[in-house]
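Have a look at the structure below, then the notes.
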Amino acid sequence: MTTLTDPPSESFRLSMLIYDTRYRAITFQIIALICFLLFFGWLISNTAQNLADLGKEPSFGFLMEPAGYDINQRLIDYNNQDSHLRAAFVGLLNTLLVAFLGCVTATVVGVIVGVLRLSNNWLISRLMAVYVEMFRNVPVLMWIVLCMAILIESLPAPRAFRGDDAEASMKLFDTVAITNRGVYIPEPLFSRSLGDIPVGNLFNISIDLIAILIVLAIGFYVSHRIKLKADATQEATGVRPRTWYMRLGVIFVPLAALLVILGFHLGYPELSGFNFSGGTHLRNSLIALWLALSLYTAAFIAENVRAGILAISKGQTEAASALGLRPSITMRLVILPQALRVIIPPLISQYLNLTKNSSLAIAVGYMDITGTLMGITLNQTGRELETVLLGMLIYLAISLAISAVMNFYNSRVKLVER
């Protein structure tokens, strides 16, 4: 009688790391990782040695030194005796401002243009196609400079608003002044302000703003609960109660009451001397950068929207038409919600591109993080390594934050498989 037994297991040998397919891939990956770490370590060591030979050991102490330069467009108080760190923070806020405004505007324009490109009206669809091709095929830097030139050359100077027979006049019941030096709009003020909370030496957080945000958050939460209750009623009875006035009321009535308590009023711009004073000044550099980045990125978003709509089966439109839905309702409630699953992923890339393209702001004198930290601060201190590394980390953090928010939204709207 023959007994079958398992062959004895082969003992491990070093040669198996190369010749055995079970270990070969891991071996090569470990070798590649070690080589990369050695190269990276040599690069850091060589850079540190060269800087030491030049007497420029890496240090970030320069951030506490007085900046010595002014920033024309800023969201917080700043003067030229503040530190380079505060100047960099002002530039960061300017970057975030233009990125936020650009993303919102580009999204609105891009969706509208993308939908109109599919219009049955030949003229409208062709005009939208011309817009898309024109903006996509010209470098964004040229659009930024062109927008700046148009604003400077076509708008009236402040002196044109002077006199009884003035050449120009203010808009919106004399509350907005549009000049070749920028746009002056009313400024929100509080006569019974609650004060500010200082955050280090960088900025102050307005307690008024915190209170407004809290009231808005509570209002939106209550409005959402009202919507959920209306959905449950519709699910149970088939009749949806009218709740729009309640939802608007819980948001705006408490907000209006808070503004009255805080003594909210507007400070209007007035012509004083050779320029306007008062109000909020939006400089041409900000407006030009905002418009150029928005219109440029909107052309790419429009193509993403068009591709997303075309990815939806025509049967969806035909079924909606068979139910008697109007084309506008079909697009808003049937097509676009499904197309979002195709639109969102490339839309993230467009938001990132817009944010990074904002670094071209220095071309029109807009002081963002590139113009402050990696521009004037670098030239004054000679700390090119430190400033560039900080700038790279800041842009990386902004990009990762945008990606995280958009990926979270994408996970909420994507199709769930059974």
Side-chain angles (χ1 to χ4, degrees), residues 40-102 187 193-210 213 280-283 285-286 289 352 355-402 404:
F40 195 68
W42 171 83
L43 185 63
I44 294 177
S45 176
N46 188 56
T47 302
Q49 183 61 43
N50 291 336
L51 289 174
D53 294 340
L54 294 173
K56 297 174 58 176
E57 291 81 1
S59 172
F60 294 93
F62 69 94
L63 292 175
M64 297 296 107
E65 299 174 359
Y69 61 89
D70 294 322
I71 300 177
N72 49 24
Q73 185 78 57
R74 53 185 181 270
L75 295 177
I76 60 176
D77 292 335
Y78 170 83
N79 61 70
N80 55 19
Q81 294 304 309
D82 287 328
S83 65
H84 286 289
L85 180 60
R86 187 174 181 85
F89 186 74
V90 173
L92 173 60
L93 292 180
N94 286 343
T95 296
L96 295 176
L97 173 64
V98 74
F100 174 77
L101 294 176
E187 176 186 11
S193 176
L194 300 177
D196 299 325
I197 300 177
V199 179
N201 295 324
L202 290 180
F203 61 96
N204 297 328
I205 298 179
S206 172
I207 301 178
D208 305 325
L209 178 61
I210 295 177
L213 293 178
T280 299
H281 184 195
L282 304 179
R283 295 182 177 272
S285 55
L286 169 61
L289 186 66
L352 297 180
T355 303
K356 290 179 288 188
N357 286 336
S358 67
S359 60
L360 298 172
I362 194 64
V364 290
Y366 182 72
M367 299 299 290
D368 66 338
I369 189 64
T370 302
T372 55
L373 178 63
M374 294 183 287
I376 301 178
T377 295
L378 185 154
N379 293 328
Q380 287 187 353
T381 62
R383 294 289 181 174
E384 58 279 343
L385 179 64
E386 293 88 337
T387 54
V388 171
L389 285 178
L390 284 175
M392 292 172 62
L393 289 175
I394 289 172
Y395 276 110
L396 177 62
I398 295 174
S399 298
L400 291 179
I402 294 174

Next on the checklist: Could you report the tightest heavy-atom contact between Ser83 and Leu63, atom names first, then the distance?
Outcome noted: CB-O, 3.3 Å
Checklist outcome for this item: Heavy-atom closest pair (Ser358 atom, Val98 atom, distance to 0.1 Å) is CB-CG1, 3.8 Å
Checklist entry - How many angstroms lie between atom CG of Leu373 and atom CG of Leu378, to the nearest 0.5 angstrom? => result 8.0 Å
Checklist entry - Does a side-chain heavy-atom distance below 4.5 Å link Asp82 with Asn79? => result yes
Checklist entry - Which residues satisfy the side-chain hydrogen bond (donor to acceptor under 3.5 Å, both in side chains) test with Gln81, sequence neighbours excluded? => result none
Item to check | For the student: nearest non-hydrogen atoms of Ile369 and Ala88, plus distance | outcome: CD1-O, 3.3 Å
Checklist entry - Do you know the tightest heavy-atom contact between Ile362 and Gly371? => result CD1-CA, 4.0 Å
Checklist entry - How many angstroms lie between OG in Ser285 and CE in Met367, if you round to the nearest 0.5 Å? => result 10.0 Å
Item to check | Interatomic distance, Lys356 atom NZ to Ile402 atom CD1 [nearest 0.5 angstrom] | outcome: 9.5 Å
Next on the checklist: Could you tell me if the side chain of Gln73 sits less than 4.5 Å from the side chain of Leu97, heavy atoms only?
Outcome noted: no
Next on the checklist: For Phe60, is the CZ atom crowded, meaning more than 12 foreign heavy atoms sit under 6.0 Å from it?
Outcome noted: yes
Checklist entry - Taking only residues two or more places apart in sequence or in another chain, which ones pass side-chain contact (heavy atoms from CB on, under 4.5 Å) with Leu194? => result Ile207, Asp208, Leu262
Checklist entry - Would one find more than 12 heavy atoms of other residues, nucleotides or ligands at under 6.0 Å from atom CE of Met392? => result no
Checklist entry - Say you draw a straight line from OG of Ser59 to CG of Leu385; how long is it, rounded to the nearest 0.5 Å? => result 11.5 Å
Checklist outcome for this item: Sequence neighbours excluded, the answer for side-chain hydrogen bond (donor to acceptor under 3.5 Å, both in side chains) partners of Tyr78 is none
Next on the checklist: Leu75 and side-chain contact (heavy atoms from CB on, under 4.5 Å): which single residue from Leu93, Val90, Leu92 fits?
Outcome noted: Leu93
Item to check | Which residues share a side-chain hydrogen bond (donor to acceptor under 3.5 Å, both in side chains) with Thr377, sequence neighbours left out | outcome: Tyr69, His84
Next on the checklist: I'd like to check the side-chain contact (heavy atoms from CB on, under 4.5 Å) partners of Leu400; sequence neighbours left out, ordered by chain and number.
Outcome noted: Leu396
Next on the checklist: Are Asn94 and Thr372 packed together at the side-chain level, in the sense that at least one heavy-atom pair is separated by less than 4.5 angstrom?
Outcome noted: no
Item to check | Thr95-Tyr395 side chain donor-acceptor pair, cut-off 3.5 Å | outcome: no
Checklist entry - Roughly how far, to the nearest 0.5 Å, is CD1 of Ile197 from CD1 of Ile210? => result 4.0 Å
Checklist entry - Between CE of Met374 and OG1 of Thr387, what distance do you get to the nearest 0.5 Å? => result 8.0 Å
Checklist entry - Yes or no on side chain to side chain contact (heavy atoms under 4.5 Å, CB included) for Asp368 and Leu289, after CA distance, side-chain angles and deciding distance? => result CA-CA 11 Å; Asp368 66 338; Leu289 186 66; over 6 Å; no
Item to check | Under the side-chain hydrogen bond (donor to acceptor under 3.5 Å, both in side chains) test, residues paired with Arg283 that sit two or more places apart | outcome: none
